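These numbers were taken from a predicted model, which means no experiment stands behind them. Proteins come first, then strands; the chains are lettered A, B, ... in the order of their sequence lines, and each starts at number 1.
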Amino acid sequence: MGCVQSFRDLCDRPKNTNVRVSLPVVCFVWQTAMVILFGVFIRYNTESDVRWREFRRTNNISSDIENDFYFRYPSFQDVHVMVFVGFGFLMTFLKRYSFGAVGFNFLIAAFGLQWALLMQGWFSSLDTDGKIKIGVENLINADFCVAGCLIAYGAVLGKVSPVQLLVLTLFGITLYAVEEYIILSIIHARDAGGSMVIHTFGAYYGLAISWMLYRPNLEQSSRLQGSVYHSDVFAMIGTLFLWMFWPSFNSALTDHGDGQHRAVINTYLSLASTVLTSVAVSSLFQKQGKLDMVHIQNATLAGGVAVGTASEFMLMPYGSLIVGFFCGIISTLGYIYLTPFLEKHLKIQDTCGVHNLHAMPGVIGGVVGAITAAAATETVYGKEGLINTFDFDGDFKGTTPSRQGGMQAAALCVALVFGIGGGIFVGCILRLPIWGDPADEDCFDDQFYWELPEDEESVEPVLEYNNHTIRNKNVAETIFSVEQT
Amino acid sequence: MGCVQSFRDLCDRPKNTNVRVSLPVVCFVWQTAMVILFGVFIRYNTESDVRWREFRRTNNISSDIENDFYFRYPSFQDVHVMVFVGFGFLMTFLKRYSFGAVGFNFLIAAFGLQWALLMQGWFSSLDTDGKIKIGVENLINADFCVAGCLIAYGAVLGKVSPVQLLVLTLFGITLYAVEEYIILSIIHARDAGGSMVIHTFGAYYGLAISWMLYRPNLEQSSRLQGSVYHSDVFAMIGTLFLWMFWPSFNSALTDHGDGQHRAVINTYLSLASTVLTSVAVSSLFQKQGKLDMVHIQNATLAGGVAVGTASEFMLMPYGSLIVGFFCGIISTLGYIYLTPFLEKHLKIQDTCGVHNLHAMPGVIGGVVGAITAAAATETVYGKEGLINTFDFDGDFKGTTPSRQGGMQAAALCVALVFGIGGGIFVGCILRLPIWGDPADEDCFDDQFYWELPEDEESVEPVLEYNNHTIRNKNVAETIFSVEQT
Amino acid sequence: MGCVQSFRDLCDRPKNTNVRVSLPVVCFVWQTAMVILFGVFIRYNTESDVRWREFRRTNNISSDIENDFYFRYPSFQDVHVMVFVGFGFLMTFLKRYSFGAVGFNFLIAAFGLQWALLMQGWFSSLDTDGKIKIGVENLINADFCVAGCLIAYGAVLGKVSPVQLLVLTLFGITLYAVEEYIILSIIHARDAGGSMVIHTFGAYYGLAISWMLYRPNLEQSSRLQGSVYHSDVFAMIGTLFLWMFWPSFNSALTDHGDGQHRAVINTYLSLASTVLTSVAVSSLFQKQGKLDMVHIQNATLAGGVAVGTASEFMLMPYGSLIVGFFCGIISTLGYIYLTPFLEKHLKIQDTCGVHNLHAMPGVIGGVVGAITAAAATETVYGKEGLINTFDFDGDFKGTTPSRQGGMQAAALCVALVFGIGGGIFVGCILRLPIWGDPADEDCFDDQFYWELPEDEESVEPVLEYNNHTIRNKNVAETIFSVEQT
């Protein structure tokens with residue numbers, strides 16, 4: 001403990017938010033590395049290579065429309081919108097951190113997806129010639145991978161520097177690729193919408209980092225830790241694009257045909273159900289039954305997370321509604337009771353409440369997936385359907401549904417371990433006093449990393465006037481100008 | 001009349017906007033009912049069921065790409081965006097009702113689509129085993145159904161409680177499903193983009209409710225019945241997503257191949273034409289030729305409504321332009337002359353002007369559809385084309401185009417009757433003093449149903465100071481704080 | 001020179017922004033002309049005509065899914081979003097010109113796409129019966145054509161009247177169609193994403209017009225030539241939708257199958273790379289390493305422009321990263337050094353910096369395209385691939401890659417000549433004192449063309465009070481109301 005304490009002391013030196021050297025250096029070095037590594041490793045796959053036409057002829061594929069592109073591109077674009085507009089705008093709710101929310105989200109997503117293509121490629125798309133062959137499926141996978149890191153960003157929003165975010169992303173993508181490989185290829189679990197691989201991992205990764213970066217005096221920034229009217233409306237743009245396109249997210253990588261079709265239906269229903277129970281609980285726990293925007297912006301999405309793993313299974317429409325029903329309740333209650341509890345007692349400061357939106361629903365999603373898999377029967381799936389849905393072939397020929405259920409549960413544990421363990425490790429690194437993070441009283445404030453428009457450089461200028469403290473900027477300015485003349 | 005008067009007196013008791021009991025109860029009870037009914041009735045259809053692969057083999061379908069999913073999913077997602085972002089943000093234009101606009105839109109859409117799947121399913125997708133088999137087409141239909149209720153919401157925006165909106169939606173979906181069944185299955189009219197089924201019905205339903213809920217003292221809320229600069233920009237997000245995706249709306253359920261293709265072209269052209277004439281009329285009727293944001297936000301969409309029914313027919317590109325041309329003019333003139341007239345003389349308070357955007361263009365769309373159908377000839381359509389376009393087979397084999405025109409006109413009447421009749425009936429129910437609606441002076445104000453960010457709890461606080469009324473909040477606060485010290 | 005000077009004097013009469021006659025007249029006359037011309041010339045093509053089913057049978061097409069609609073419609077919708085939301089919101093960054101940005105963008109896009117369908121149709125889709133047969137490909141082409149004019153709008157944003165914009169668009173579309181015909185059909189260059197045809201042409205067209213309309217006293221409007229906090233967030237909506245959907249833009253019209261697939265991958269990678277180098281340069285050149293929103297909003301998109309021409313070629317993934325890498329640097333440096341230089345020394349006032357976002361990257365894109373084409377080998381493309389990718393058949397059978405490279409370079413020159421020459425010509429016309437453009441001190445201000453919400457009619461009202469100038473509106477109002485009582 002003494003060691004940890006002295007390490008903490010070392011880290012808690014006065015802060016300097018100047019990133020003029022570190023940020024450009026990291027970006028340039030990293031992007032150069034990417035160019036080199038892509039040059040060595042990345043090539044087009046058969047379906048995006050100019051030789052596709054030859055391949056078509058050889059393999060007797062009757063039409064260009066059977067190129068995987070046409071099965072997945074519309075879903076890919078929806079996922080892309082979720083990653084950049086969805087996550088980005090969801091985090092704009094803070095009154096003075098919208099630039100950071102949407103801008104750093106943009107930066108780390110663009111940064112992460114390149115690294116994800118490589119990491120995931122090495123694990124799963126490496127061809128016999130030592131090259132990674134990419135197509136639209138890899139782009140979707142890269143976006144998924146990035147989503148995990150953006151979830152983690154939600155937990156530390158407003159409290160870290162852009163350089164720290166790049167480090168968080170670099171390690172996050174790496175951990176994700178390993179974890180995903182273990183879960184999908186070694187354990188052979190199914191995780192269509194990534195309840196475990198993306199949400200559970202990403203949320204606990206972020207929460208563990210936030211715990212490591214605990215700021216005891218964060219209440220000094222409390223004046224900025226809320227929304228204003230229009231920032232809440234901006235956040236609804238994020239909420240709605242996430243909500244609307246979540247069916248595409250959960251179905252983007254499922255099997256062609258009924259697999260994608262069914263995942264869409266399950267997600268659509270689960271999300272609809274979540275909205276109603278979120279609204280109900282939000283209203284029930286506020287004086288006068290008023291709704292809280294935080295719940296509407298976040299808890300309404302929990303159903304999409306929780307139905308992720310099972311969305312490609314025969315969950316049945318009513319099953320999806322049930323999942324959404326309970327997730328809406330649990331997530332909203334999480335915002336009301338759990339977030340304050342975590343901050344006060346466990347020293348986890350979770351800016352966006354990712355524990356309620358991603359962590360708990362992610363775990364629920366893993367459990368629902370395990371149960372649904374274990375309960376699969378030949379009556380419902382048919383012999384062929386069972387094999388196709390769970391990929392019971394190759395090394396896994398003859399696996400039983402109940403065994404698959406066990407593997408799903410094991411996968412959930414792997415995601416948790418990687419998330420928490422990885423987060424503690426990376427959190428340690430991020431405590432080093434070299435990353436340019438803001439002081440406790442300067443959190444949630446764009447002015448330290450962004451050139452702000454002049455007339456709104458700070459929210460509350462303070463002027464002493466006739467022994468009175470004038471906190472209102474408009475009045476302060478008037479008195480000031482009147483006095484001057 | 002005396003009876004109506006005493007009923008009105010009964011209803012006009014002091015208002016209480018507390019919905020802490022009613023809103024959660026309705027949500028929970030309803031969502032529970034949905035789970036049960038879905039458990040009993042709703043199953044996957046062949047194309048979303050795991051047995052699709054078997055079906056493919058049996059029916060000799062060569063590729064997964066022929067799953068209906070790939071024909072309709074991109075359009076579905078566009079429609080989904082229109083319902084949640086389009087309608088939601090279009091209504092954010094009020095300076096202090098953006099939460100209600102986008103939040104309640106979200107709530108009633110999620111609520112309504114579940115009920116729509118059931119109601120529409122019972123009427124048209126009920127299988128021999130008593131189950132409703134759903135696929136992507138049902139999801140689109142459910143979104144369409146919800147759109148009707150969201151249009152109605154536009155007429156009563158800011159004047160009703162969320163509980164009233166849920167009741168409005170519950171009855172609206174029910175009426176819609178019956179009306180749709182009569183129009184499409186019994187009368188056998190065609191209505192690709194729902195000019196009659198969705199827009200005419202939805203708009204008159206909302207207007208009739210607004211008439212029943214007439215508020216004689218609404219001018220007490222007039223300070224909030226306008227926009228501010230940024231709320232108008234938010235509304236443009238809604239306008240543009242509706243405008244851009246309207247081709248998907250009108251083509252989402254038309255025939256595969258040329259049907260979808262043609263509906264897109266017709267809608268695209270009609271909408272382009274509407275923009276120009278809306279701008280022209282808006283400029284012509286304002287001093288100095290300035291444009292009015294209300295017209296740009298709304299009237300520019302009228303062409304999409306009016307081309308709805310005929311969009312799958314051989315309307316011809318110039319036909320689409322003509323429809324858009326006149327709708328832009330009529331809709332804009334409606335905002336200038338008709339909306340004030342309706343409010344003053346017919347006691348219909350139409351917050352968003354749905355009469356101009358949906359009702360009139362919807363009726364025009366029905367008429368255009370009837371004429372285009374009646375004018376269809378074998379020269380233009382070919383024998384086979386005529387049969388396919390108008391579904392002249394089964395019970396309707398041998399129907400002539402002119403007879404089809406008559407059926408289209410009859411369908412329009414049905415939509416009108418259901419809209420107006422249903423609206424009056426539901427309006428009656430909504431007058432009961434149990435729903436938590438706001439008083440006349442509290443309309444268009446989010447603070448009664450939403451926890452607002454602290455520093456902007458109300459737009460205009462009032463402070464008496466040295467016998468002067470200080471209405472400006474900033475100044476009031478300063479004086480207040482100065483006095484205190 | 002004397003002639004030019006006296007023409008300038010003639011043009012520099014006092015300004016009158018009243019467009020109450022000119023705007024409606026232009027809109028009505030133009031839209032009427034469109035109806036007539038569409039009636040004479042435009043028809044559905046085989047795939048959108050009701051006779052598609054017959055065509056399918058005759059041509060042995062096995063499924064409706066092979067209708068071009070299903071290959072291109074998702075990309076079309078993305079392009080549509082870029083044109084209306086992307087370009088529109090990108091320009092909302094000015095504190096008091098958001099209505100003009102998004103509203104006039106809407107107007108000229110709707111106006112331009114109709115004319116584009118005709119102009120492009122006459123050049124390339126004219127059938128033997130003298131009719132232009134349109135399908136989804138024509139709609140995409142029309143949107144592309146409009147994009148060129150919207151880029152030009154970026155250069156003159158805030159300094160022109162809506163009537164001038166319509167004239168700019170009318171000539172812009174005409175020039176575009178001719179230039180496109182020369183480049184694609186006569187020179188037989190390839191330009192998938194329009195680096196030359198759209199971006200180079202559009203940007204230089206706008207810059208030349210801006211040069212012709214040079215306003216020596218524009219600094220009188222400097223108080224409005226900046227952003228406020230929320231207007232920058234609105235602009236990010238535009239940025240992100242452009243960024244996310246750029247892969248659809250570059251792939252919308254490329255070959256079915258691998259052509260579309262590869263264009264998406266190249267664009268996706270180039271854009272990701274650009275984000276990192278833009279951020280790096282932005283941070284490096286600001287005090288304290290702070291990021292500048294102007295760079296994040298604009299320079300991050302340069303990679304999409306620059307990869308446009310070569311996106312369908314075998315550029316290789318690392319090639320795309322390299323293109324993006326340098327474009328991010330060049331574009332950001334352009335904002336820092338070149339835009340002020342252009343304004344001060346070349347008298348080109350470029351409101352949105354289209355020179356950095358479109359002109360330079362467009363030229364780079366043309367050069368990259370020429371090099372990539374010249375370097376194409378049979379080893380990489382295969383014999384058949386080479387012919388398909390570069391369309392080496394018909395009149396161009398036997399063309400060599402190196403010759404193709406030369407043709408690409410020639411095409412770039414054509415785009416430059418049309419852009420600059422056309423811009424000077426149209427700029428001349430727009431200097432005539434009949435178009436209702438604002439005076440130098442009234443630029444970047446919505447109030448001259450829009451009815452603004454009352455409480456924010458102007459940003460800075462001025463009140464003389466006890467010999468003091470009160471510039472703050474809130475205080476001014478209070479004092480005013482206090483005085484009155």
Which of A:Phe84, A:Phe241, A:Phe89 passes ring pair (Phe, Tyr, Trp, His ring centres under 6.0 Å) with C:Phe241? Answer is A:Phe241

Applying a strict 4.5 Å limit to non-hydrogen atoms, the region of A:Leu37 in contact with chain C is neither

When the 4.5 angstrom heavy-atom criterion is applied to A:Asn67 and chain C, the contacting part is side chain

Given side chain to side chain contact (heavy atoms under 4.5 Å, CB included), test A:Arg51 with C:Glu384 step by step and report yes or no.
CA-CA 8 Å; A:Arg51 287 170 199 279; C:Glu384 192 187 350; over 6 Å; no

Exercise for the section: Fit a plane to each ring of C:His261 and A:Phe69, take the angle between them on a 0 to 90° scale, and name the class: parallel (under 30°), tilted (30 to 60°) or perpendicular (over 60°). Expected result: tilted

Using the ring of each side chain (for Trp, its six-membered ring), is C:Phe325 parallel, tilted or perpendicular to A:Phe28, with breaks at 30° and 60°? tilted

In terms of heavy-atom contacts, C:Arg262 and A:Ser48 come closest through NH1-O, 3.0 Å

Best-contacting candidate, [options], against chain A by heavy atom pairs under 4.5 angstrom:
options	result
C:Ile296, C:Ile265, C:Ile329	C:Ile265
C:Gly226, C:Pro247, C:Pro74, C:Ser62	C:Pro247
C:Phe245, C:Tyr268, C:Tyr318	C:Tyr268
C:Gly319, C:Ser231, C:Ser273, C:Gly385	C:Ser273
C:Leu284, C:Asp78, C:Val275	C:Leu284
C:Leu386, C:Thr300, C:Leu271, C:Asp292	C:Thr300

Does [Y] offer a backbone N or O that forms a donor-acceptor pair with the side chain of [X] under 3.5 Å?
X	Y	answer
A:Tyr44	C:Met314	no
C:Lys290	A:Phe448	no
A:Gln77	C:Met244	yes
A:Arg20	C:Gln288	no

Between A:His80 and C:Trp243, does the ring centroid distance fall short of 6.0 Å?
-> yes

So, the part of C:Ile61 with a heavy atom under 4.5 Å from chain A: the answer is neither

Okay, C:Val294 and chain A: the region with an atom under 4.5 Å from a heavy atom over there is neither

Pair count under 4.5 Å, heavy atoms only, with chain C: among A:Val81, A:Ile42, A:Leu107, highest is A:Val81

Checked A:Phe41, A:Phe111, A:Phe55, A:Phe234 vs chain C; the most non-hydrogen pairs under 4.5 Å come from A:Phe234

Would you check, one step at a time, whether the test side-chain hydrogen bond (donor to acceptor under 3.5 Å, both in side chains) holds for A:Tyr73 with C:Ser251? CA-CA 11 Å; A:Tyr73 188 63; C:Ser251 71; 4.6 Å; no

Salt bridge (charged side-chain N to carboxylate O under 4.0 Å, His left out) pairs touching residues 246-256 of chain C, sequence neighbours excluded, are none

Intermediate values then yes/no, side chain to side chain contact (heavy atoms under 4.5 Å, CB included), A:Tyr70 and C:Tyr70: CA-CA 8 Å; A:Tyr70 301 101; C:Tyr70 300 102; over 6 Å; no

Verdict with supporting geometry, A:Leu23 and C:Leu291, side chain to side chain contact (heavy atoms under 4.5 Å, CB included):
CA-CA 10 Å; A:Leu23 185 57; C:Leu291 298 173; 4.2 Å; yes

Residues 139-147 of chain A vs chain C, non-hydrogen distance cutoff under 4.5 Å, contacting residues -> A:Leu139, A:Ala142, A:Asp143

- request: Check the pair C:Leu269 / A:Phe38 against side chain to side chain contact (heavy atoms under 4.5 Å, CB included), numbers first and verdict last.
  value: CA-CA 10 Å; C:Leu269 292 175; A:Phe38 270 60; 3.7 Å; yes

### Minimum side-chain heavy-atom gap A:Val136-C:Val264 below 4.5 Å
no

ask   = When you check the side-chain N and O atoms of C:Tyr381 and A:Asp49, is any donor under 3.5 Å from an acceptor?
value = no

